[in-house]
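Below is one structure; the comments refer to it alone.
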Amino acid sequence: MPADPLRYAREHEHLHGAFGADRFGAIAERVARFFGTPQYIVSQSVLVAVWVAVNAIAFSLRWDPYPFILLNLAFSTQAAYAAPLILLAQTRQADRDKAHEEAAAKHRDEIALKQHELLQ
């Protein structure tokens, strides 16, 4: 029976999901990944342009006049949640990369040992 090709990676299976295997982790990972997409950047830019235009032009709808305090509050709140999610995603990705490299190194060592035995 051939050896399991993933035998060195099995000990690191718990690192598979970026935020763990729970429901919160899956949602948090999707949100963190969405922050870097062109769709998010374009939609946020459009939202800001509309917000500023409505508050600058429509005098009867000016719920947030210049200097746009509510808009700044919205950005601060978003940043307060986005930054930790993105940092957590980066940290977990680094952990997965390290574990993958360790498993690959063990596998390379085993192959080198078997090749050395064959050469002997």
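Basis for what follows: all heavy atoms, side chains included, without hydrogens, waters or symmetry-related copies.
With respect to the salt-bridge test (charged N to carboxylate O, under 4.0 angstrom), the residues E101 and R108 qualify. At a threshold of 4.0 Å, the pair E110-K106 does not count as salt-bridged, since none of the basic side-chain nitrogens sits closer than that to a carboxylate oxygen.
Contact detail for P84 and A79: the closest heavy-atom pair is CD-O, 4.0 Å. What you find for A32 and L85 is that their closest heavy atoms are CB-O, 4.0 Å.
Side-chain contact between W51 and W63 is present, with heavy atoms from C-beta onward closer than 4.5 Å.
Residue F75 is grouped with residue V46 when hydrophobic side chains (ILVMFWY) are merged at heavy-atom distances under 4.5 angstrom, including chains of intermediate members. Linking Ile, Leu, Val, Met, Phe, Trp and Tyr whenever their side-chain heavy atoms come within less than 4.5 Å puts Y66 and V52 in one cluster. L70 and V54 fall within the same hydrophobic cluster, defined by Ile, Leu, Val, Met, Phe, Trp and Tyr side-chain heavy atoms under 4.5 Å apart, directly or through other members. When the side chains of ILVMFWY residues are joined at heavy-atom separations under 4.5 Å, either directly or via intervening members, Y81 and V31 end up in two distinct hydrophobic clusters. In this structure, F35 is a member of the same hydrophobic cluster as I41, with clusters built from ILVMFWY side-chain heavy atoms closer than 4.5 Å.
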- Step-by-step side chain to side chain contact (heavy atoms under 4.5 Å, CB included) determination, I111 to Q115: CA-CA 6 Å; I111 290 172; Q115 287 176 342; 3.9 Å; yes
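Between the side chain of D64 and the backbone N or O of L71 there is at least one donor-acceptor pair closer than 3.5 Å.
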